[in-house]
Structures are given as C-alpha cells and as structure tokens.
Amino acid sequence: MTHWAPLATSAVALREAPRARDVEAVREIVRATGMFGADEIAIAADLVEEALARGPDSGYRFHFAEADARLLGYACHGPIPLTRDSFDLYWIAVHPHHQRRGLGARLLAAAEAAAARAGASRLYVDTSGRAAYARTRAFYERSGYQLAASLADFYGPGDAKWIYVKRLGAR
C-alpha cells in the first residue's frame, strides 16, 4: 500500500511526456477515485500506452502532476478526429488524497493552454449525469465550462451523458 502524505500544491511539478511507469500509476489513480469501472480503468491506462507507443501520432496529449517521484494526478486531451479545431478532454483525475487542493484546476489549465497552443478553439468534456458526479460537474462549471448537451440514458438507464464546452480564445 502506498503512503500518501499531504503535499503543498507548490511542491507539485507538471510534465507532459509520458513514462512507462505512468501506465500503472494512472491505473491506480483512476481506480482510487472509486468513480470508474474496470473497463474504464483499463482504457485510461491504454491511452498512456498508446501515447508511449506512437508518440504525437497517437493524438493523446498528457499533463502529469507529480511530487517526490509519485504521480498525484493527470489530464489527457487531444484533437477530435474530423474536426478543424475542437479538442476533447479525455481524462482528468487526481488521487483522492490530493483532491480539493487546486491540483485538478492546475491540470485543467495546463490542458487548456496546450490545446489552445495546438490550435483548439473549443475544449469539450463528457461526464455522467449521475448524482455521484455532481462535484465533477460543479468543477467544470467553476472552471468556465458550459453545458452544451445532455443525452439521456447514454451510459445506461438513468445515466445521462453531459457534454460541457469551453471556448479557448479568439482565433
């Protein structure tokens, strides 16, 4: 079991390049949130593996937050295929021991800035409409995202897909 001592947010460094050890660390972070099933956890790790194998051609861009050689959280974003300048935020997760300290906001801001530099005019985020995701939706709304659509029963009966969008600046 990993010991998670509290860290000052200023002690956390962000990096973009994925490392082989990030695969298992991402799997642990996503699992620890308690919000995702086994298939979703596997996909989160698979995206890191894809980026390691294919580099920029994978379409996945990462921001990893770490301190003392431990991964505390990460964000993954990239261009949406067949669009001119729309990007998706595929994942953002912070280990529960490090949540509510501004780390998610730092990761989100880094992803937004990188997407804008890459030519994105909009960043889209999908999340669940279930009550368990109320804090997640509030986080996006506080971060300037607007609800663009809600698709009833998308993930399953009673589990809507909420799609948020944020304009990233004038083009």
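No hydrogens, no waters, no symmetry mates; every other heavy atom, side chains included, goes into these values. Computed from a predicted structure; not experimentally measured.
In the hydrophobic clustering of ILVMFWY residues, with side-chain heavy atoms under 4.5 Å counting as a link, V23 and Y60 come out together. F154 and L89 sit in two unconnected hydrophobic clusters of ILVMFWY residues. Membership requires side-chain heavy atoms under 4.5 Å apart, directly or through other members. Each of Y145 and L151 belongs to its own hydrophobic cluster when Ile, Leu, Val, Met, Phe, Trp and Tyr are linked at side-chain heavy-atom distances under 4.5 angstrom. When hydrophobic clusters are built by joining Ile, Leu, Val, Met, Phe, Trp and Tyr residues whose side-chain heavy atoms come closer than 4.5 Å, directly or via intermediates, V165 is grouped together with I163.
Looking only at distances, no side-chain donor or acceptor of R31 sits under 3.5 Å from a matching main-chain atom of A38. At distances below 3.5 Å, not a single donor-acceptor pair connects side-chain atoms of R19 with backbone N or O atoms of R21. Judged purely by atom type and a 3.5 angstrom limit, R106 uses its side chain to pair as donor or acceptor with the backbone of V12.
Scored by the side chain to side chain contact (heavy atoms under 4.5 Å, CB included) test, R100 finds R135 as partners (sequence neighbours excluded). By the side chain to side chain contact (heavy atoms under 4.5 Å, CB included) test, I80 pairs with T83, S86, D88, Y124, sequence neighbours left out. Taking F36 as the reference, V30, T33, E40, I41, W91, Y133 meet the side chain to side chain contact (heavy atoms under 4.5 Å, CB included) condition, with sequence neighbours excluded. In this structure F64 satisfies the ring pair (Phe, Tyr, Trp, His ring centres under 6.0 Å) test together with F62, sequence neighbours excluded. Under the ring pair (Phe, Tyr, Trp, His ring centres under 6.0 Å) criterion, F139 pairs with no residue, sequence neighbours left out. Here R54 pairs with E50, D57, S58 under the side chain to side chain contact (heavy atoms under 4.5 Å, CB included) rule; sequence neighbours left out. Partners of E24 under the salt bridge (charged side-chain N to carboxylate O under 4.0 Å, His left out) rule, at least two apart in sequence or in another chain, are R27. Every residue meeting the salt bridge (charged side-chain N to carboxylate O under 4.0 Å, His left out) condition with E112, not counting sequence neighbours, appears here in chain and number order: K166. Residues meeting the side-chain hydrogen bond (donor to acceptor under 3.5 Å, both in side chains) test with D126, sequence neighbours left out: K161.
Applying the side-chain hydrogen bond (donor to acceptor under 3.5 Å, both in side chains) rule to pairs touching residues 150-159 yields S128-D159, S150-W162, sequence neighbours excluded.
Pairing each heavy atom of L103 with each of A65, the nearest pair is CD1-CB, 3.6 Å. Between A17 and D22 the shortest heavy-atom distance is O-OD2, 4.2 Å. Closest of all the heavy-atom pairs between H95 and A32 is NE2-CB, 3.6 Å. Considering every non-hydrogen atom in both A75 and A111, the closest pair reads CB-CB, 4.4 Å. Of all heavy-atom pairs between A115 and F87, the closest is CB-CD2, 3.7 Å. Of all non-hydrogen atoms in A51 and P18, the two that sit nearest each other are CB-CG, 4.1 Å.
Distance check, rounded to the nearest 0.5 Å: CD of E141 to OH of Y164 gives 3.5 Å. The distance from the CG atom of L108 to the CG atom of L123 is 7.0 Å, given to the nearest 0.5 Å. In this structure, the separation between OH on Y74 and CD1 on I29 is 8.0 Å, given to the nearest 0.5 Å. The OG1 atom of T127 sits 11.0 Å away from the CD1 atom of I92 when rounded to the nearest 0.5 Å.
No side-chain heavy atom of L107 sits under 4.5 Å from any side-chain heavy atom of H77. Proximity of R101 to L72: side-chain heavy atoms (C-beta onward) are nowhere separated by under 4.5 Å.
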